[in-house]
Amino acid sequence: MSRATHCPYCALQCAMFVEAAPGQAPAARPAPFPTNRGGLCRKGWTSAELLASPQRLTAPLLRTRRGDFTEVDWDTALDHVAQRLTALRERHGPDAVAVFGSGGLTNEKSYLLGKFARVALGTSQIDYNGRFCMSSAAAAGNRAFGLDRGLPFPLPDLAGAEVVLLAGANPAETMPPMMRHLAAPRLIVVDPRRTATAEQALKNGGMHLAPRPGTDLALALGLLHAVRAQGLVDTEYVAARTTGFEDAWRHAAAWWPEQTEQVTGVPAEHIRAAARALAAASGAYVLTGRGTEQHAKGTDTVSAWINLALALGLPGREGSGYGCITGQGNGQGGREHGQKADQLPGYRRIDDPAARAHVAGVWGVDPATLPGPGRSAFELLDALGGPGGPRALLVFGSNPVVSAPDAQRVRNRLAGLDLLVTADFVLSETAALGDVVLPVAQWAEEEGTMTNLEGRLLRRRALLAPPPGVRTDLEVISGLARRLGQPAERFPADPARVLAELGAASAGGAADYSGVSLERLEAGEEVFWPVPDAHATTPRLFLDSFAHPDGRARFAPVGHRPPAEAVDAEYPLLATTGRVMGHYQSGAQTRRIRELAGAQPEAFVEVHPDTGARSGLAEGALARVVSRRGAALARVRLTEHARPDTVFLPFHFAGEQAANNLTNPALDPTSRMPEFKVSAVRLEPAGPPDAPGAAAEPARAAPPHG
Ligand code: SF4
């Protein structure tokens, strides 16, 4: 284990060794670790290929007047960026410059990027792609428990449960090694699709509840109703450890299982049976994922699942609980240390005077100079180049032209900028539209820490040297800060120094990392936050009390409402989007790996055969999926397991295959999560079954900005 690092992709953060024999390409193999138990998925096994890929960027790129890129040295690139940023700030004010980060960045990068935005740029305009990932679960977790840590217990605890309900999560496909913890429990899978996880549940005597997209909240209310109507509420727990049950019940009281069946399509007897199975289990968990969270009512939907878990007396009890399965590699740590629009390090609020004073003290600046809250991710992207909106955007580790909703609108906004700068290791679709591209080191070439889906701190190790000409993100941030007039010691590029400062800035906050050290991680200690001192670790939260001042969890009074847009004669179907085994997020990395690209080279759309027949689409045909916002080309896959009213597309593909050309940017009022999971669409034939795939190459040139 001593020289292991962790996979660059999802929040399971499987441990792996990465080795390169002389003259050979680096290769990854699994390392023993509690979360992956010696396993890796296909993405992990092939992850080292990109380290030696000829597609890597190894010199900064500057857009020329002709519209193409030319390679320049680092001083030229950073001087150019700093001069342009300074000019834009002087002309339009500090909010003319925006920053877009990532849930894939290490804790140190997330922290330094937030500080860079607030101190070196003085802008409030910073947010990150994690807003599109887990923000609804984070908001609901804070509301219910007073604290948001995805899993408030170690993953291996799941193996001891009798029943696990998975709402909108498909780990069998998205993080397969997690299924090693779910082999014994009976699974109840809530998903409009018959996913690989649903298949496994059915094979092992579990259940698959397939609600119509956008009705998960109604299903959770129906389950709460079934729990109470069958006398299964844990009244002792509810009385001793919670508040607000009766208010929540007022919203659930109308959701008889038969009424719930009318709205969701889930049979009433299945709803009652699921309630009984959860209540009868000696250990049970309710887990949520993106399927139930990525809605314009995502926060309330997660609250409804938490209400169910609270009524059953699960959270804060050993052997039972509620958790959110975080998606991105550092989706947890990335949401704690200041790259969110409303946040300072330690999961502090930027509008809290005490938090501002504490963090400003660590940073050596006047609290009054720190900006206030900025725009959330989609609102930020949508304001780019518009009246009063940012004129420049710096992007670190993100590819929003593929991963943001209503992708064509986002592409148009980027085109309206005066300056687009990206730091990436390949020419992603977003980088290809930029004015300056800064080539940065990859995961196996850099030091740092990550926080996985359990809130466990992990050591990312530099096992290989980056190619000549490549810098780390920390070096890029540090170099830009100095050129913007900041003292060098305020923006160190050494990850150990940044971690120490992050610890001080987070001290006393909800996500307190002040007791985290590389020495503890190097010694193999299991460190879960909060870590308020050098010996602390908190693998299980809430066993004695929840994090609200009165120590009680809160039921949330939430009611069902329909999706943000409805089907009609022109758009008669619902489209939902998600991930497949062989690709990760926007696909910028996995579409460049031969084995993964070979296995899934193009977008597909999963369609029920009756729906396909009505639309004139046979298996293998090329379909145009059209929503009120745009269209996506995808290869038809007919499956009896699809709902006739619903189609599914993976969102890993770009250009005319981008599922996010379709998606609805309607936002959750609390989390500002877009409605990725429900769009009204129609299907049209776009070509015969043997037509060549519409595989989209990244754009190579774009009109120069400003
Ligand atoms: Fe593990 Fe996730 Fe990496 Fe697969 S992608 S190897 S599940 S961390």
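One is the number of the first residue; the rest follow in order along the sequence. Side chains are part of it too, since the values below use all heavy atoms of this structure and drop only hydrogens, waters and symmetry mates. As the structure lists them, so they are numbered: ligands from 1, and atoms in each ligand from 1.
- Atoms of ligand 1 lying under 4.0 Å from at least one heavy atom of M175, given by number and element, are 7 (S).
- Among the backbone and side-chain atoms of C10, none of the N, O or S atoms lies under 2.8 Å from atom 3 (Fe) of ligand 1.
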Check your understanding: Under the side-chain hydrogen bond (donor to acceptor under 3.5 Å, both in side chains) criterion, do N170 and T197 qualify, and how do the steps go?
Key -> CA-CA 5 Å; N170 182 16; T197 311; 2.5 Å; yes
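- Listed by atom number, the atoms of ligand 1 under 4.0 Å from G44 heavy atoms are 6 (S).
- Among all protein heavy atoms, the one lying closest to atom 3 (Fe) of ligand 1 is C7 SG, 2.3 Å.
- Using a cut-off of 2.8 Å, one finds that C41 contributes an N/O/S atom close to atom 4 (Fe) of ligand 1.
- Comment: K109 does not engage E447 in a salt bridge, judged by the lack of any side-chain N to carboxylate O separation of less than 4.0 angstrom.
- Of all protein heavy atoms, the one lying nearest to atom 1 (Fe) of ligand 1 is C14 SG, 2.2 Å.
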Exercise for review: List the steps, then state whether ring pair (Phe, Tyr, Trp, His ring centres under 6.0 Å) holds for F676 with F132.
Suggested key: CA-CA 9 Å; F676 286 104; F132 301 151; 5.5 Å; yes
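- A salt bridge links R594 with E49: at least one charged nitrogen is closer than 4.0 Å to a carboxylate oxygen.
- Residue, atom and distance of the protein heavy atom nearest to atom 7 (S) of ligand 1 are P177 CD, 3.5 Å.
- Against a heavy-atom cut-off of under 4.0 Å, Q13 is close to the following atoms of ligand 1: 8 (S).
- Taking every non-hydrogen atom of K43 and a distance limit under 4.0 Å, the qualifying atoms of ligand 1 come out as 5 (S).
- Taking a cutoff of 4.0 Å between a charged side-chain nitrogen and a carboxylate oxygen, E19 and R29 qualify as a salt bridge.
- Near Y9, with a cut-off below 4.0 Å to any heavy atom, the atoms of ligand 1 are 5 (S).
- Contact check on R540 versus D157 returns a salt bridge, with a Lys/Arg side-chain nitrogen under 4.0 Å from an Asp/Glu carboxylate oxygen.
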Check your understanding: When you look at T292 and V190, which way does the side-chain contact (heavy atoms from CB on, under 4.5 Å) test go after all the steps?
Key -> CA-CA 9 Å; T292 206; V190 177; over 6 Å; no
